[in-house]
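Everything on this sheet refers to the single structure shown next.
The residues of the chain are indexed from 1 along the displayed sequence. What you are looking at is a predicted structure, and each value in this text was computed from that prediction instead of being measured. When a ligand or atom number is given, it counts from 1 through the structure's own listing order.
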Amino acid sequence: MTPASSSAKKVVKKTAEKTASKKAATSTKSSSIQFSAKVIDPVKHTTQCLVIAVYEGLKLSPAASSVDAADAHQLTALLKREGFQGKAGQSLLLLNPQGIAAERLLVLGFGSLKDGSVTADNFRRSAQKIGESLKPTPCSEITIALDEVSVAGQEIDWQARQIAEGLGQLEYRADGLKSKPTEISLQLKKVYLGTAKSQVAKATKGLDLGHAIAKGVNFTRNLGDLPGNICTPTYLAEQAKQLAKGQTKLSVNVLEEKQMKELGMGSFLSVAAGSEQPAKLIVLEYKGGNKKDAPVALVGKGITFDTGGISLKPGPAMDEMKYDMCGAASVLGTFQTLVELQLPINVVGVIATTENMPSGAATKPGDIVTSMSGLTIEILNTDAEGRLVLCDALTYTERFKPKAVVDIATLTGACVIALGNHATGLFSNNDDLAKSLLKAGEESADRAWQMPLWDDYQKQLDSNFADIANIGGREAGSVTAACFLSRFAKKFAWAHLDIAGTAWRSGGAKGATGRPVPLLVQYLLNQA
Ligand code: BES
Ligand code: MN
Ligand code: ZN
């Protein structure tokens, strides 16, 4: 890099952006919801809204039965009239219910009962309806009598967790940068879960866990949704430092370009070459476990905007490349939850963050760079930049002697073609690690699907001029991207999560999803 371009990088903070970034930071401090479990009588309990369950075939839950009995079976008559059958995901909001103290009654369908239980999927689907159904109401406090809905293979803490994980996401709003935020009536402050006395402690644990996951998810969604002119590598580094403030178990260290150069990170720096924004390597260390325990390492791709570089992307939907830092954001969100839960494990986070921009100083197709590992790379396409920043981050991670390394990256459009936006692509050099991550995905309803990492694909990365090329042709694009990373992950058990399809939604509902924070947290919980 020329001295001129390195000094240019230092004067990038424009005042307009500073103001906007201050605004964005305060907008995340929306009001927080208080979740608690307590014993309630569904008939006498005073609340702005009572939520009760009905099963397929109009079978009433105990709370629904009490309500029905209290109003001379008007409830059953009403449900029949409205064609409510109790199917999973059905919901009906009743105002001014008779015979009970609640101001509103939300009836949720949970599907069919088998051996007295509903399926986990149905419970989740129906629980999700709570927030949706109440959106038009001005409720600030609600009471949910769903502890009595038995879920196959699960206990009360699980139900509680689902409810807090779902409703906790109402704390995040994506309109923090509008001059007048959209008016939304629902401003939840208190959520009570009606629970048998013997189950209050267990339910409370579930609520706390679910809320902690929601906070991590919200943190990740907020960073993802922020535009590239606010959420820069410097901004991400500040967020990481902010997370560690006042925390005894978490420390954060940010490496600057000068240090990365000394470490020999020629691959990472080649992506940063065209940008005015200085690149950062953010290192987080959470020490909750024994000193001697090897940590799990989470490595995040943090391209705060991916133009493609000299291999410039086409115009349509290019704005969505602000989401190219969602891997990094998911690492930060997971650390937020870790801190919240004070989990007894050791976790390291390594975030490689930069923009990918075209300029006179940018890397060109055909350029050859030397990675920190010593391997030389022929950059045939500057838009395959994620692997170029991650390979050096992976090599850097070796120093922590991790027991497992998971990288998270919006790495390939090909992964979206393969799996759509339902499953995250999983690649691994270690079957046990792959199994643990797949299981964590199932358990958290944040699923991944394993893809092959066979040697057969490796030769697509052959280069005539360097040790390896950074692209492998049109076929199996997400696999050859993972193959590239695997060359830098030989010293540890490693898995790669391609979240290009799952990290955000496009179209009318455009917005970050916060995935795969639930999967990562579940994986860490299972380790603890
Ligand atoms: N960040 C993109 C991947 C991406 C594209 C994610 C679209 C979600 C939607 C990545 O840096 C990229 O550009 N990958 C290229 C690789 C190709 C040049 C080998 C891609 O997928 O087209
Ligand atoms: Mn790219
Ligand atoms: Zn990218």
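Given atom 9 (C) of ligand 1, the protein heavy atom at minimum distance is M321 CE, 3.6 Å. Of all protein heavy atoms, the one lying nearest to atom 6 (C) of ligand 1 is A500 CB, 3.6 Å. In terms of protein heavy atoms, atom 10 (C) of ligand 1 is closest to L411 O, 3.3 Å. Given atom 18 (C) of ligand 1, the protein heavy atom at minimum distance is N381 ND2, 3.5 Å. Atom 16 (C) of ligand 1 has its closest protein heavy atom at R387 NH2, 3.9 Å. For atom 4 (C) of ligand 1, the nearest protein heavy atom (residue, atom name, distance) is G413 N, 3.8 Å.
Of all the atoms in ligand 1, the ones that sit under 4.0 Å from a non-hydrogen atom of K301 are 1 (N), 10 (C), 11 (O). Ligand-side atoms of ligand 1 in range of T410: 1 (N), 2 (C), 3 (C), range being under 4.0 angstrom from any heavy atom. Near I471, meaning under 4.0 Å from any of its heavy atoms, are these atoms of ligand 1: 19 (C). Residue E385 has at least one heavy-atom neighbour below 4.0 Å for each of these atoms of ligand 1: 11 (O).
A heavy-atom separation below 4.0 Å is found between K313 and ligand 1. No heavy atom of M325 sits closer than 4.0 Å to any atom of ligand 1.
A pairwise comparison of heavy atoms in V369 and S267 identifies CG2-CA, 4.0 Å as the closest pair.
Below 3.5 Å of separation, one finds no N or O of W504 facing any N or O of ligand 1. Considering both main-chain and side-chain atoms, T412 never comes within under 3.5 Å of ligand 1 through any nitrogen or oxygen pair. Checked against a 3.5 angstrom limit, the closest N/O atoms of D383 and ligand 1 fall inside it.
Side-chain contact between T232 and Y235: present, with at least one pair of heavy atoms (C-beta onward) separated by less than 4.5 Å. The closest side-chain heavy-atom distance from I408 to R515 is not below 4.5 Å. The side-chain heavy atoms of L243 and F219, taken from C-beta on, include a pair separated by under 4.5 Å. Taking the side chain as every heavy atom from C-beta outward, L298 and V296 approach each other to under 4.5 Å. Between L236 and C231, the closest side-chain pair of non-hydrogen atoms falls below 4.5 Å.
Closest to the Zn ion (ligand 3) among the N, O or S atoms of E385 is OE2. The Mn ion (ligand 2) sits nearest to atom OD2 when only the N, O or S atoms of D306 are considered. The N, O or S atom of D324 with the smallest distance to the Zn ion (ligand 3) is OD2.
Donor-acceptor pairing under 3.5 Å is recorded for the side chains of D407 and W494. Donor-acceptor pairing under 3.5 Å is lacking for the side chains of S444 and Q522. Between the side chains of E320 and S506, a donor-acceptor pair is found at a separation under 3.5 Å. Side-chain atoms of D324 and T410 form a donor-acceptor pair, as typed in the model, at a separation below 3.5 Å.
Residue side and main chain included, K301 places an N/O/S atom under 2.8 Å of the Zn ion (ligand 3). At least one N, O or S atom of D306 sits under 2.8 Å from the Zn ion (ligand 3).
The structure places CD1 of I213 at 7.0 Å from CG of L341, a figure rounded to the nearest 0.5 Å.
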Item to check | Check against side chain to side chain donor-acceptor pair (under 3.5 Å), D306 and Y323 | outcome: CA-CA 9 Å; D306 181 12; Y323 290 115; over 6 Å; no
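Considering the Mn ion (ligand 2) as centre, the angle to OE1 of E385 and to OD1 of D383 is 120° (10° rounding).
A perpendicular orientation is assigned to the rings of F335 and Y286, their planes being inclined by more than 60° (bins at 30° and 60°).
Atom 1 (N) of ligand 1 is flagged as protein-proximal [any protein heavy atom, distance under 4.0 Å].
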